Amino acid sequence: MPMHDIDALSLREMADLQRRGRLASRDLAEHYLARIAERNPRLNAIVEQTPPERLLAEAEAADAALRRGRLLGPLHGVPLSLKDACHVRGFHPSRGVRELHGAASEANATVVQRLFDAGAVALGLSNVPEMCMAFDTDNLLYGRTLNPHDPERSAGGSSGGEASAIAAGMSPGGLASDACGSVRVPAHFNGVCGLKLTQWRAPLTGQFPHDRSGLFHLSSSFAVMGRGVDDVALLGELISGPDGQDPDTVPAPFRDYREQPLSTLRIGVWQENMGPARPSPATGALLRHAAALLDGAAASVTEVVPPMVDEAFDVLWKVLVLGGDGGRGWTQLFSRMGKETFSAPIAQLLEWSAELEMSVDELRAALVTRDTVRHRLAMMFRDIDVLICPVYPDIAFRHGESLREPGAYRYVFPFSLTGSPAAVIPAGRCPDSGMPIGLQLVGRHWDEHQLLAAAAHLERLLPAWHPV
């Protein structure tokens, strides 16, 4: 048996303890296999699990390599879960769509291979909504994933399976993706950490079912999730950088957040005061508490309102989500799949999409607005370094309420449209429900180290993470 509380170890500590002979990869594998066997039948977060005998064999191979003096990498023998949105050799990707579920992948997505090259082993694929197109993880192939804090409430989406698995202690972290808040909303709902990288920092090569995702390519990026800030910082760095295949990936350095002095950072605090994004009393109180924890430690803490929030929301919703084409794009996509039955959120999106037909002039104006929003936000980040704000106005909603009020995603949509890096950390709990509440930290492009430094400062002063 291991001498350490595995739930209390960061990913770096897991690898370091193995290097020092104080922990074995098999210990980790057995720990997470037991957790999955105990908790996954109820939560339905991991939908295709690595066969236990295979996981144990890979763990023993990692232990044998270490006995020969070979450290495989910074994730030596560490088990990770992987969102069902990319190719993982030997697994059967589906993106939550029954009609796409078929042959096993023959190669790994670039980001997956990078985690394996760093020494990680796969626990399995985590559940997603149909086509990753809802904030509630439920589909006609695998069914619904539950929130471990309250099974009546949503785990969020589209990385809801990943977030639920981590929150329940079935995985220490893993790979996700974010186009419209798909990492940030589940991290908030489940009380874990998430990091959406600057768009074009990590290649989309091996995204399932296609590397290129049409209009969604304008906001889509791979992302990572974990229990703590250091976990997502390590995973984010490991998956970053060009691969010679995705032409959009930029060779920007990933700087170490641990070397960033908090005292030099200027913090902006944003909180809407009206409309569907008005935060609950508990959310507002935790945001004010976080601002107070940064005040005095950072160079400055001031209230700000990001520019063109309404316009950014409108463009992402109408153009990237609904398509603006009277529903023809979605209809043609599903027709090629042979798909005729849909989960409730997809059916709702198809209905709304059919009702929205934008003219060429309207579409051109929307694309100009996107560029203007990106420029205006970059100008805002001349005056501040990190923006802190809610993720969602309240705690996790109940199942089936994913699209009840699209305006509630006002805090995540703009930073999807701009491609900005954003992290989510658990900030506390709602006193009435006990449900977790997260906060979002956003930075300028390529400066993840700054927002992670602010997140790490808050993490040290806020209640420690522990599995549900």
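Everything numeric in this text was worked out from a predicted model, so none of it was measured.
Ring pair F413/F313 is parallel by interplanar angle, where below 30° counts as parallel and above 60° as perpendicular.
Taking every heavy atom of both residues into account, D230 and R12 meet most closely at OD2-NE, 2.7 Å. Closest of all the heavy-atom pairs between I166 and M225 is CD1-CB, 3.6 Å. Here the closest non-hydrogen pair linking A396 and R153 is O-NH1, 2.8 Å. When all heavy atoms are compared, the tightest approach of A454 to I267 is CB-CD1, 4.4 Å. Between S420 and G443, the closest heavy-atom pair is CB-O, 3.9 Å. Shortest non-hydrogen contact noted between P74 and L238 is CG-CD2, 3.8 Å.
In terms of modelled atom types and a separation under 3.5 Å, the side chain of D325 and the main chain of G329 share a donor-acceptor contact. With R227 contributing its side chain and P467 its backbone, the two residues share no donor-acceptor pair below 3.5 Å. The backbone N or O of Y411 lies less than 3.5 Å from a partner atom in the side chain of Q440, making a donor-acceptor pair. One N or O on the side chain of E459 and one on the backbone of V229 form a donor-acceptor pair closer than 3.5 Å. Looking only at distances, a side-chain donor or acceptor of N44 sits under 3.5 Å from a matching main-chain atom of R144. Counting only distance, with no hydrogens or angles, the side chain of S105 and the backbone of G90 share no donor-acceptor pair below 3.5 Å. Between the side chain of H149 and the backbone N or O of A167, no donor-acceptor pair lies under 3.5 Å. Between the side chain of S126 and the main chain of G161, no donor-acceptor pair closer than 3.5 Å is present. Under a 3.5 Å cut-off, the side chain of H87 and the backbone N or O of P209 do not form any donor-acceptor pair. Between the side chain of T283 and the main chain of P279, no donor-acceptor pair closer than 3.5 Å is present.
A salt bridge is absent between D248 and R201; no separation between the charged side-chain nitrogens and carboxylate oxygens falls under 4.0 Å. Taking 4.0 Å as the cut-off between side-chain N and carboxylate O, D243 and R114 do not count as a salt-bridged pair. A salt bridge links D310 to R410: one of the charged nitrogens lies within less than 4.0 Å of a carboxylate oxygen. Electrostatic pairing of D447 and R444 counts as a salt bridge here, judged by a charged N lying under 4.0 Å from a carboxylate O.
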Determine, step by step, whether V442 and F381 satisfy the side-chain contact (heavy atoms from CB on, under 4.5 Å) criterion, reporting the C-alpha distance in whole Å, the side-chain angles of both residues, the deciding distance to 0.1 Å, and the verdict.
CA-CA 10 Å; V442 185; F381 277 111; 4.2 Å; yes
Please step through salt bridge (Lys or Arg N to Asp or Glu O under 4.0 Å) for the pair K339 and E130, ending with a clear verdict.
CA-CA 11 Å; K339 185 170 181 57; E130 203 164 45; 2.6 Å; yes
Walk me through whether W330 and W352 qualify under ring-ring contact (aromatic ring centres under 6.0 Å, His included).
CA-CA 11 Å; W330 282 115; W352 285 339; over 10 Å; no
What verdict does the side-chain contact (heavy atoms from CB on, under 4.5 Å) test give for L441 and I425, after you've listed the backbone C-alpha separation in whole Å, the side-chain angles of each residue and the deciding distance to 0.1 Å?
CA-CA 8 Å; L441 295 94; I425 60 168; 4.1 Å; yes
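D84 and S94 share a side-chain donor-acceptor pair at under 3.5 Å. With no hydrogens or angles considered, no side-chain donor-acceptor pair links E152 and H399 at under 3.5 Å. Side-chain atoms of Q199 and S221 include no donor-acceptor pair closer than 3.5 Å. Residues S177 and K83 have side chains that bring a donor and an acceptor to within less than 3.5 angstrom of each other. Between D211 and H217, the side chains place no donor N or O within less than 3.5 Å of an acceptor N or O (distance only, hydrogens not considered). Inspection of the R184 and S159 side chains reveals no N or O donor paired with an N or O acceptor under 3.5 Å. Inspection of the S81 and S171 side chains reveals an N or O donor paired with an N or O acceptor under 3.5 Å. Side chains of S402 and D136: a donor-acceptor N/O pair is absent below 3.5 angstrom, by distance only. Between the side chains of T145 and T137, no donor-acceptor pair of N or O atoms lies under 3.5 Å. E340 and S335 share no donor-acceptor pair across their side chains, judged by distance under 3.5 Å alone.
Just one residue in the list I346, V97, N127 forms a side chain to side chain contact (heavy atoms under 4.5 Å, CB included) with N139, and that residue is N127.
Remark: C86 SG to Q113 CD distance equals 11.5 Å, nearest 0.5 Å. Separating the CG atom in L115 from the OG1 atom in T110 is a distance of 11.0 Å, to the nearest 0.5 Å. From E53, atom CD reaches atom CD of E58 across 11.0 Å, with rounding to the nearest 0.5 Å. In this structure, CD in E237 is found 11.0 Å from OH in Y257, a value given to the nearest 0.5 Å. N190 CG to D150 CG: the interatomic distance, rounded to the nearest 0.5 Å, is 11.0 Å. Expressed to the nearest 0.5 Å, how far CZ of R95 lies from CE of M133 amounts to 9.5 Å.
The 12-atom threshold is not exceeded at CZ of R278, counting heavy atoms of other residues, nucleotides or ligands nearer than 6.0 Å. For CD of E106, the number of neighbouring non-hydrogen atoms (other residues, nucleotides, ligands) closer than 6.0 Å is 12 at most.
In this structure, F135 has its ring center closer than 6.0 angstrom to the ring center of Y409. Ring to ring, W200 and W446 are not that close: their centroids are 6.0 angstrom or more apart.
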